[in-house]
Number of protein chains: 2
Amino acid sequence: MASFELIEPPLLSRAEIDRADQVRKDPERLAAGWAQARILLVDHSGRYAVTDTGGLRWTPAAELGAAPVVGAVFLGVAEVDRWALRVDEVPAPSGEPRSGAHLLGPDEAGLLATALGVLNWHRTAQFSPVDGRPLDLVQGGWLRRDPESGAEEYPRTDPAVIMVVHDGADRVLLGRQSVWPDRWFSTLAGFVEPGESLEQCVRREVFEEAGVHVHSPRYLGSQPWPFPRSLMLGFEAVGDPSEPLVFRDGELGDAKWFHRDEVREALAREDDWGADNPGTRLMLPGSVSIARSLIDGWARGPQA
Amino acid sequence: MASFELIEPPLLSRAEIDRADQVRKDPERLAAGWAQARILLVDHSGRYAVTDTGGLRWTPAAELGAAPVVGAVFLGVAEVDRWALRVDEVPAPSGEPRSGAHLLGPDEAGLLATALGVLNWHRTAQFSPVDGRPLDLVQGGWLRRDPESGAEEYPRTDPAVIMVVHDGADRVLLGRQSVWPDRWFSTLAGFVEPGESLEQCVRREVFEEAGVHVHSPRYLGSQPWPFPRSLMLGFEAVGDPSEPLVFRDGELGDAKWFHRDEVREALAREDDWGADNPGTRLMLPGSVSIARSLIDGWARGPQA
């Protein structure tokens, strides 16, 4: 099979920062680091404080309180302790993750992904799903615990497969949801269910969404996708363009097999994006997504 | 690097059954199929009804009620509709998944993994983690919904990496938790956190658990592991046996580098298992686990 590789790890998967997991469990250590700590402010829509050039803007912890603020998330240690805190309003300027994370360095991008992932979990995990009782937030924002029973809940992450379906030669299957802009297509994707492997999920999802039977699923790379709490697991798989496309589960409004040349042209030209442009050419997902990494890798051509 | 592959997909990842996801959303279709349906009974510890030869034993749905029982989980269609139901006591004979699933066919093993995964989720998802309100169970047991607001909760699956750490030659790092039998060693493993890729998680977990820096993580395969709700993502990674072992996070009680010959000998000999045997030789995890698949694949030797 004409396989390919990702050109480099996806944008949110390159950090080498020390997440310092052990520090989370040490309240004295967390408190001792607070005075020198730096805090990333994030609002309820996920916008985050940025510098003039779009990098992360850190607020000195001392401006927010004398001790770790309840609800803040300990992100790790980079020179000093790094935390994130959700606030109603982020002072300008602010950035939007999916359109702005490409302006971040590798460690910054990883810190932002971690901040969003844990903060999004906070919002949907205030009560025990076991008995409905309210839970405390402890361990630097990484654990919820019943104050009476001690029962624990850890952050939830939902694994999802995302796949370049190609024909082993020069054609690739891309789809679009009905609500997307007309010319925008991307890779197919779907959540992994209990009782299935990633490889089984790839085959099931492509058939459910597009009616195509695929084989030879092969893992290519992964990326956290905290919108709100996914973990994207990137694959290639091989299908037959002569098989009729059927949008069985209604997830897709349309799907098409594109030629490699058309995809390459779309990747080379990003300047006509926007609703005011009457073009009819293919538009692809942005550089922050693993969808883009997968399409970039496939478009470059076989590596094996 | 001397890479290897899994010899075949792990035992719980071989099913080709039709999970018939669309049927879950069709109450009339579910009801219509009930009279002919077959039900797998599972108790609260995960034991399931088996035949004399250890295969799944199916109870006619009509013996349980005239319509789909609340709490039953629709597993898919294999000749007739297949469901699972948790009961206080499974009539003998019954099987234990981790020690008995190797007696199942591929589709049976997948049905059992699905049944356990969704039933385990039922037990810990009766209330909304968002507001603590009780949730209804709908869509053949695959969705919980707030009867007033309509808010939805889907089954939770926790992704975890599990890795053969080797030296690129003939040595492999295996560890044991303090509570395990003395001679039992297995691969290292750990849950993926928000904000990290699988590859980042592999590096972090090996360092946290054993103090070893690894490189070149490479995905090998995956398996659902519903004990209670994990998805195991199998990797190899390369470390240096001369690096001192440090059990930083206390997850492991011990870890050692074993030579390939010692691992092969342990794989070839399963007869001295048991507490009454005074042997001191290496014991490895059972054939149902992806840990065993990974060790089997590595022991066979380089494939690439």
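Chain letters run A, B, ... following the sequence lines, proteins first, then strands; residues in each count from 1. Values below: all heavy atoms of this structure, side chains included; hydrogens, waters and symmetry mates excluded.
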Mind checking whether [X] and [Y] have side chains closer than 4.5 Å, heavy atoms only?
X: A:L116; Y: A:F227; value: yes
X: A:R229; Y: A:W121; value: no
X: B:P302; Y: B:F4; value: no

Interface moiety of B:E199 toward chain A, non-hydrogen atoms closer than 4.5 Å:
both
Under 4.5 Å from any heavy atom of chain A, what part of B:T124 do you find: side chain, backbone, both or neither?
both
Where on [X] is there a heavy atom nearer than 4.5 Å to chain B: the side chain, the backbone, both, or neither?
X: A:R204; value: side chain
X: A:A109; value: neither
X: A:W142; value: side chain
X: A:P155; value: both
X: A:L233; value: side chain
X: A:E193; value: both

Sort out for me which of [options] touches chain B most, counting heavy-atom pairs under 4.5 Å.
options: A:A125, A:A115, A:P10; result: A:A125
options: A:Q223, A:K25, A:Q200; result: A:Q200
options: A:R14, A:R24, A:E16; result: A:R24
options: A:A15, A:P9, A:P226; result: A:A15
options: A:L112, A:N120, A:D131, A:L75; result: A:D131
options: A:P224, A:P129, A:G132; result: A:P129

A:R19 and its salt bridge (Lys or Arg N to Asp or Glu O under 4.0 Å) partner, picked from B:E205, B:E208, B:E196
B:E196
[atom1] of [X] to [atom2] of [Y]: how many Å apart, nearest 0.5 Å?
X: A:L294; Y: A:L188; atom1: CG; atom2: CG; value: 11.5 Å
X: B:S13; Y: A:L198; atom1: OG; atom2: CG; value: 8.5 Å
X: B:D81; Y: B:W83; atom1: CG; atom2: CH2; value: 7.5 Å

Smallest separation among heavy atoms of A:P159 and B:T157, with atom names:
CD-O, 3.5 Å
If we define contacts as heavy-atom pairs under 4.5 Å, which of B:R203, B:Q22, B:R156 has the most with chain A?
B:R156
Residue from B:P134, B:P194, B:G117 scoring the most non-hydrogen pairs under 4.5 Å with chain A is B:P194
Any sub-3.5 Å donor-acceptor pair from B:E96's side-chain atoms to B:R98's backbone N or O?
yes
I'd like to know whether A:R145 forms a side-chain contact (heavy atoms from CB on, under 4.5 Å) with A:L135, so could you lay out the CA-CA distance, the side-chain angles of the two residues, the decisive distance to 0.1 Å, and finally the verdict.
CA-CA 5 Å; A:R145 190 158 53 197; A:L135 302 175; over 6 Å; no
